[in-house]
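Treat the numbers as computed from the prediction; the structure is a model and nothing was measured. Within every chain, numbering begins at 1; the chains are lettered A, B, ... in the order of the sequence lines, protein sequences first and strands thereafter.
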There are 2 protein chains.
Amino acid sequence: MNDPDAAPPSLTGLSTYLLSRTGKAARAALAERLAVRGLRLWHMAVLAALADFGPHAQRDLASRLGVDPSDMAKVVDQLASAGRVERVRDPADRRRLTVTATEEGRAALAELDAEARAVQDALLAPLTAAEREQLHALLLRVHLALPGNAG
Amino acid sequence: MNDPDAAPPSLTGLSTYLLSRTGKAARAALAERLAVRGLRLWHMAVLAALADFGPHAQRDLASRLGVDPSDMAKVVDQLASAGRVERVRDPADRRRLTVTATEEGRAALAELDAEARAVQDALLAPLTAAEREQLHALLLRVHLALPGNAG
DNA sequence: ACCTATAGTGGGTCCACACCCACTATTACC
DNA sequence: GGTAATAGTGGGTGTGGACCCACTATAGGT
């Protein structure tokens, strides 16, 4: 109770503080795992978007994930170099690059997802399965209400 | 449903992703409000620690908040310049600086707390009061299980 | 007294993230 | 056909956070 390293109740009484703290921990843990494979969180996000919604024009990828198109170009470039993504010029509009996940990319995403779930299991260890679902449902509603996340 | 800006379900299905996203949104929103007053999140954390636990040696502040002592020195220095905190040399151990919140500092914290709750109300708008409490309780348990947050 | 450890401080590095601009290639408009 | 808009790219900037080291002053151990 008198732990000299305990966080101030003034802060732990704020859900936003807890959100920020636990979120950062989650992010850091996953990023660390991905770094082992030479990947970053954006790489996973791009692979996920392609897997879920199919091929995208690069610009649409950027828009969907809320990244600067210039930064997206770099991420896609790295994924392409690693063979996890294919870029082909759209014949209908030769300015566009259509980005598609390769078989290798889909396999990589599956592994990444497994890593993410492992991290999540560790983070949410103190909660029961039912509580985790509760938490997820609540967070999802908050997330959807965030600006730029219309369902 | 076919919103071209919707996030990939592969990601929104991960609680860690939602935590990270909503946490970042919370952090950013509060940081923006504090910036108006020329403060950062660490300033608020320090004031909260002092208000909750009373005066600290600067080193203990750093340890409690998990910050590098060198960085803490800078934060405390800024708070002192703004008159929100007082540093006095501990006569029992003249290496130590005892940091105390001034009346002004306590007042500032109250305002900051109000800002934080406003941000929180906006963020958690889609949830009922009962759901917010649920969310808070779940997050608190996760937070306490985080490395270095023993109760 | 001597040596080691500790508190605070100033300085610097490294990294990730978010932006922004300029430029080329291509398309759309009129 | 000429002009404006758009897709992608390369390069650069600014910021915030975490970390690390060297240095001074003081304390503690023997």
Chemist: For B:K24 and D:dG17, what is the distance between atoms NZ and P respectively, to the nearest whole Å?
Modeler: 12 Å
Chemist: Can you find an N or O donor on one side and an acceptor on the other, under 3.5 Å apart, linking the side chain of A:D71 with the base of C:dC19?
Modeler: yes
Chemist: Do the charged groups of B:D121 and B:R132 touch, with an N to O distance under 4.0 Å?
Modeler: yes
Chemist: How would you label the contact of B:D93 with the nucleic acid (heavy atoms, under 4.0 Å): base, sugar-phosphate, or nothing?
Modeler: sugar-phosphate
Chemist: Given that A:R40 and B:D77 both sit by DNA chain C, which one's nearest nucleotide is further toward the 5' end?
Modeler: B:D77
Chemist: Starting at NE2 of A:H56 and ending at C1' of D:dG8, how long is that distance when rounded to a whole Å?
Modeler: 17 Å
Chemist: From CE of A:M72 over to P of D:dT9, roughly how many Å is that when rounded to an integer?
Modeler: 11 Å
Chemist: Check this for me: does the side-chain of A:K74 come within 3.5 Å of the base of D:dG8 through a donor and an acceptor?
Modeler: no
Chemist: For A:K74 and A:D68: C-alpha separation, side-chain torsions, deciding distance, then whether salt bridge (Lys or Arg N to Asp or Glu O under 4.0 Å) applies.
Modeler: CA-CA 10 Å; A:K74 292 150 195 163; A:D68 188 280; over 6 Å; no
Chemist: Rounded to whole Å, please give me the gap between CG in B:D60 and C1' in C:dA7.
Modeler: 10 Å
Chemist: Extract all donor-acceptor atom pairs below 3.5 Å that involve side chains of residues 23-33 of chain B and protein atoms in other chains or at least two apart in sequence.
Modeler:
residue, atom, partner, partner atom, Å
B:R27, NH1, A:S20, OG, 2.8
B:R33, NH1, B:E115, OE1, 2.7

Chemist: Rounded to whole Å, please give me the gap between CG in A:L65 and C1' in C:dC17.
Modeler: 15 Å
Chemist: Give a yes/no answer on whether the side chain of A:R59 brings an N or O atom under 4.0 Å of OP1 or OP2 in D:dA5.
Modeler: no
Chemist: Rounded to the nearest angstrom, tell me the gap between atom CZ in B:R94 and atom P in D:dT26.
Modeler: 6 Å
Chemist: What is the distance, to the nearest angstrom, from the CG atom on B:L34 to the C1' atom on D:dG17?
Modeler: 16 Å
Chemist: Quick one: label A:R89 by what it contacts on the DNA or RNA (base, sugar-phosphate, nothing), any heavy atom closer than 4.0 Å.
Modeler: nothing
Chemist: Going by modelled atom types, is there a donor-acceptor pair between the base of D:dG11 and the side chain of A:S70 at under 3.5 Å?
Modeler: yes
Chemist: When you match A:V67 and B:L97 each to their closest nucleotide on DNA chain C, which lands nearer the 5' end?
Modeler: B:L97
Chemist: Would you say A:T22 and B:H143 are linked by a side-chain donor-acceptor pair, where the criterion is simply a distance under 3.5 Å?
Modeler: no
Chemist: Side-chain donor or acceptor of A:R95 under 3.5 Å from a matching atom on the base of D:dT6?
Modeler: yes
Chemist: Does a salt bridge link A:R95 with A:D90, judged by any charged N lying under 4.0 Å from a carboxylate O?
Modeler: no
Chemist: What is the distance, to the nearest angstrom, from the CZ atom on A:R27 to the P atom on D:dG17?
Modeler: 14 Å
